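Okay, structure first, notes after.
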Amino acid sequence: MSANITFTMIKPDAVQNKFTGKIIDKILEDGFEIKAMKYLHLSEQQAARFYEIHKERPFFNDLVKYMSGGPIVAAVLIKENAVESFRKLIGATDPQKAEPGTIRNLFAKSIEANAIHGSDSDTNALIESSFFFSKLEQF
Ligand code: UDP
Ligand code: MG
């Protein structure tokens with residue numbers, strides 16, 4: 001049985017472009033329930049810690065600067081088969097390759113400034129949720 005939790009961030013480009021409301025609408029219309037949500041501005045240090053898994057990748061330094069360059073909205077979402085279902089809703093990392101109607105297809109600017117994050121596994125969904133929210137807030 002798949003777990004029912006995923007973690008998302010509406011990224012700085014989408015918040016700055018005033019897409020937050022439209023993106024939350026898409027998430028709710030797709031059947032996700034919001035279990036926890038907060039608006040915050042990551043420091044470079046926090047962004048580097050969140051994306052530590054990518055620290056050897058060539059885009060890491062730019063990614064950290066971009067993710068700490070403006071406020072984000074972080075949220076824990078609930079739905080059956082949440083991780084896979086949410087990855088489908090947001091579309092491919094590169095918005096040029098994202099299916100029509102997906103959040104990245106509609107709202108992302110580039111492969112870096114791609115509007116939204118979605119966890120890639122049940123394990124990472126829990127790790128990433130715990131990065132921003134205490135258990136008490138989550139459940
Ligand atoms: N990213 C980038 N250049 C790349 C690949 C990724 O700037 O060539 C950024 C982009 O913001 C992406 C994040 O790094 O969302 C994490 O990359 P990952 O491969 O985990 O993509 P995701 O899981 O977000 O689709
Ligand atoms: Mg990823």
Side-chain angles (χ1 to χ4, degrees):
M1 203 184 83
S2 344
N4 64 350
I5 281 183
T6 195
F7 171 78
T8 188
M9 292 182 287
I10 302 174
K11 295 185 177 182
D13 60 302
V15 172
Q16 174 146 34
N17 288 327
K18 305 192 194 318
F19 292 144
T20 302
K22 291 188 179 80
I23 290 174
I24 292 172
D25 275 347
K26 296 278 292 175
I27 292 170
L28 294 174
E29 278 162 15
D30 205 62
F32 286 89
E33 184 192 336
I34 298 168
K35 271 308 213 191
M37 179 170 267
K38 66 172 73 155
Y39 177 94
L40 74 158
H41 193 147
L42 290 171
S43 65
E44 280 199 28
Q45 222 174 13
Q46 287 171 318
R49 200 147 44 82
F50 183 87
Y51 280 113
E52 199 169 6
I53 192 166
H54 292 310
K55 68 171 182 287
E56 305 303 333
R57 308 274 290 273
F59 58 80
F60 178 74
N61 286 342
D62 286 341
L63 175 61
V64 167
K65 285 216 165 58
Y66 153 63
M67 285 302 296
S68 57
I72 62 156
V73 176
V76 179
L77 304 173
I78 305 291
K79 189 187 176 183
E80 202 182 314
N81 196 22
V83 165
E84 194 186 336
S85 175
F86 196 71
R87 295 289 302 201
K88 203 163 165 207
L89 177 65
I90 69 177
T93 308
D94 179 352
Q96 303 234 29
K97 295 181 183 149
E99 290 288 314
T102 57
I103 290 174
R104 283 168 166 168
N105 168 259
L106 292 169
F107 302 114
K109 290 196 295 204
S110 67
I111 190 166
E112 177 182 79
N114 62 1
I116 192 157
H117 169 82
S119 305
D120 63 5
S121 68
D122 293 342
T123 305
N124 283 338
L126 288 177
I127 292 171
E128 292 171 359
S129 297
S130 310
F131 190 93
F132 288 92
F133 301 98
S134 70
K135 279 257 165 16
L136 200 63
E137 285 173 291
Q138 272 177 53
F139 305 111

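Keep in mind the model is a prediction, meaning the values are calculated, not measured. Counting starts at 1 for both ligands and their atoms, following the listed order.
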Q) Evaluating non-hydrogen atoms only, which member of Tyr51, Phe50, Phe59 is closest to atom 4 (C) of ligand 1? A) Phe59
Q. Centres of the Phe7 and Phe132 rings: under 6.0 Å?
A. yes
Q: Pick, from Asp13, Ile111, Thr93, the option with the minimum heavy-atom distance to atom 22 (P) of ligand 1.
A: Thr93
Q.
Using heavy atoms and a 4.0 Å limit, tell me yes or no: is Met9 in contact with ligand 1?
A. no
Q) Could you give all pairs that pass the side chain to side chain donor-acceptor pair (under 3.5 Å) test and reach residues 42-51, with sequence neighbours left out? A) Ser43-Gln46
Q | Region of Met67 that comes within reach of ligand 1 [heavy atoms, distance under 4.0 Å] | A | neither
Q. Which word best sums up how the rings of His54 and Phe59 line up, parallel for under 30°, tilted for 30 to 60°, or perpendicular for over 60°?
A. tilted
Q: Among Tyr66, Phe19, Phe107, find the one that has a side-chain contact (heavy atoms from CB on, under 4.5 Å) with Asp13.
A: Tyr66
Q: Sequence neighbours left out, what passes side-chain contact (heavy atoms from CB on, under 4.5 Å) with Lys55? Give chain and number order.
A: Glu52, Phe60
Q) Out of Arg87, Arg57, His117, who gets a non-hydrogen atom closest to atom 23 (O) of ligand 1? A) Arg87
Q: Considering heavy atoms of the protein only, find what lies nearest to atom 17 (O) of ligand 1 and give residue, atom and distance to 0.1 Å.
A: His54 NE2, 3.6 Å
**Q.** Residue-ligand contact Asp120/ligand 1, heavy atom below 4.0 Å
**A.** no
Q: With heavy atoms under 4.0 Å as the rule, classify the contact between Leu63 and ligand 1 as side chain, backbone, both or neither.
A: side chain
